[in-house]
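A quick write-up on the structure given underneath.
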Amino acid sequence: MKYIFELNHPKHYYQFKYVMQQLIRDGHEIKVLARDKDVLLNVLREEKVNYEIFGLHKKTLRDKILGTPQLLLNYYRIAKCWHPDIIVSKASFYGCFVAKLIGAKSVIFPDSEVVKVTNRYVAPLCTKVITPGKFALDYGKKHLRIAGMFEDCYLAPSVFTPDKKIAAQLNAKERPYAVLRFVGWYANHDVHNNGLTLDEKKQLIAAIEPFMRVYISSEKPLPEELQKYQLPTPTNAIHSVLTYADLYLGDSQTMAAEAALLGTPAIRTNTFVGPNDMTNFKVLENEYGLLCNIREFKDVLSVVQEFAASSHKEEWMQKRDAYFQKVGDTNAQIVQWIEE
């Protein structure tokens with residue numbers, strides 16, 4: 001069979017990486033379609049992945065709406081020429097809509113209940129929905145649930161081995177370090193939500209620096225005063241960076257879960273945090289104790305100072321190992337369902 005995998009974010013590549021490899025081993029053909037967004041293309045080039053660009057990512061709502069017809073046209077032309085049997089995406093309207101136009105099937109992998117576009121427009125179009133086991137919404141007969149989370153696909157000990165050269169490059173043995181991740185808040189689902197202000201970022205750095213080095217990963221360019229903290233490693237080394245870190249802190253969704261599942265004490269703060277937060281983050285905190293979700297900055301500052309002053313790394317690694325022993329092989333389950 002022939003598959004299109006649509007990628008719009010670095011996480012999408014990592015999530016589908018081993019699934020695509022297994023499908024190829026099983027004799028299927030794969031085409032990767034990518035959108036020029038954030039550092040996705042850098043990751044694909046560093047990973048030596050063959051891909052075709054179907055469009056550019058637009059930051060404003062107006063530009064997103066105006067750019068949609070061209071994106072759909074580009075997508076349709078590529079798909080019509082290649083004749084896929086199945087289009088796989090995180091939760092793409094483009095992929096599901098084009099699949100309908102060309103008579104292909106579509107499979108989506110949502111894990112954020114708050115994305116209204118997925119619930120209202122994408123899920124009704126697709127052939128199959130695969131979500132984490134504790135996902136709060138129900139899409140009916142087409143809905144399948146994996147035991148764990150999608151980050152398991154690329155962070156499980158069975159598939160991920162950290163690069164020891166990164167530990168050496170960052171002198172992890174000589175002095176512990178913290179990774180701070182700041183996002184740009186450009187995505188459709190980020191509307192009316194926000195993360196850390198510049199002043200709050202500077203306060204956090206000041207609180208952490210007496211105890212450990214600070215490295216920053218940022219979706220948008222850092223102001224001049226923070227550029228000295230810029231993470232110096234290649235884009236595709238971020239999971240090794242997180243593995244050897246003693247603390248993660250940020251307003252990112254994805255990287256908070258990744259740090260937690262790599263056994264690094266993780267603190268997530270943004271305005272999504274609260275009673276209506278996404279299930280994944282609640283599960284990581286309440287069931288496995290791997291993540292601290294904190295909404296108010298004053299509370300973040302207090303917890304950060306506690307975590308920076310004493311190491312919790314060994315405790316987190318034990319909790320991480322217990323998590324993966326429980327959830328099993330996520331990739332094998334996904335490949336089976338896609339091939340069916």
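Positions are given from 1 along the sequence.
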Is [X] reaching over with its side chain to a backbone N or O of [Y], donor-acceptor style, under 3.5 angstrom?
X: Asn270; Y: Asp251; value: yes
X: Ser92; Y: Gly95; value: yes
X: Ser240; Y: Asp163; value: yes
X: Arg181; Y: Gln253; value: no
X: Gln227; Y: Leu222; value: yes
X: Asn171; Y: Glu174; value: no
X: Arg145; Y: Phe135; value: yes
X: Lys313; Y: Ala245; value: yes
X: Gln333; Y: Thr330; value: no
X: Lys142; Y: Cys126; value: yes

Is the ring pair [X]/[Y] parallel, tilted or perpendicular, if the boundaries are 30 and 60 degrees?
X: His239; Y: Tyr14; answer: perpendicular
X: Phe93; Y: Phe97; answer: parallel
X: Phe16; Y: Phe109; answer: perpendicular

Between the side chains of [X] and [Y], does any donor sit under 3.5 Å from an acceptor?
X: Gln70; Y: Asn74; value: yes
X: Tyr51; Y: Arg45; value: yes
X: Gln22; Y: Asp26; value: yes
X: Tyr139; Y: Asn119; value: yes

Legend entry - Cation-pi, Phe182 ring and Lys220 (6.0 angstrom, 45 degrees): no
Is there side-chain contact between [X] and [Y], with at least one heavy-atom pair below 4.5 Å?
X: Val107; Y: Ile130; result: yes
X: Val129; Y: Leu144; result: no
X: Phe211; Y: Leu247; result: no
X: Thr279; Y: Glu113; result: yes
X: Val241; Y: Tyr215; result: no
X: Lys105; Y: Lys128; result: no
X: Met278; Y: Val114; result: yes
X: Met212; Y: Asp246; result: yes

Inset, instruction - Would you check, one step at a time, whether the test side-chain contact (heavy atoms from CB on, under 4.5 Å) holds for His28 with Glu339? - result: CA-CA 9 Å; His28 304 293; Glu339 289 184 320; 3.0 Å; yes
Legend entry - Where Val327 and Gly148 come nearest, the two heavy atoms and their spacing: CG1-CA, 3.8 Å
Inset, instruction - Kindly indicate, with the supporting measurements, whether the criterion ring pair (Phe, Tyr, Trp, His ring centres under 6.0 Å) is fulfilled by Phe5 and His12. - result: CA-CA 9 Å; Phe5 277 79; His12 301 174; over 10 Å; no
Hydrophobic clusters here meaning ILVMFWY residues chained together by side-chain heavy-atom distances under 4.5 Å, can you tell me if [X] and [Y] are in one?
X: Phe297; Y: Val273; value: no
X: Leu101; Y: Ile87; value: yes
X: Leu73; Y: Val98; value: no
X: Met317; Y: Leu290; value: no

Legend entry - Any pair counted as ring-ring contact (aromatic ring centres under 6.0 Å, His included), so long as it reaches residues 68-89, sequence neighbours left out: Phe54-Tyr75
Legend entry - Residue list, ring pair (Phe, Tyr, Trp, His ring centres under 6.0 Å) with Phe281, at least two apart or on another chain: none
Legend entry - Distance, nearest 0.5 Å, that separates NZ of Lys17 from SG of Cys153: 12.5 Å
Between the side chains of [Y] and [X], is the shortest nitrogen-to-carboxylate-oxygen separation below 4.0 Å, so that they form an ion pair?
X: Glu258; Y: Lys11; value: no
X: Arg35; Y: Glu6; value: no
X: Arg268; Y: Asp277; value: yes
X: Glu287; Y: Lys134; value: yes

Inset, instruction - Identify, with sequence neighbours excluded, every residue that meets side-chain hydrogen bond (donor to acceptor under 3.5 Å, both in side chains) alongside Asn236. - result: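 For Asn236 the side-chain hydrogen bond (donor to acceptor under 3.5 Å, both in side chains) partners, ignoring immediate neighbours, are Glu47.
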Inset, instruction - Kindly say whether the aromatic ring centers of Trp316 and Tyr248 come within a distance under 6.0 Å. - result: no
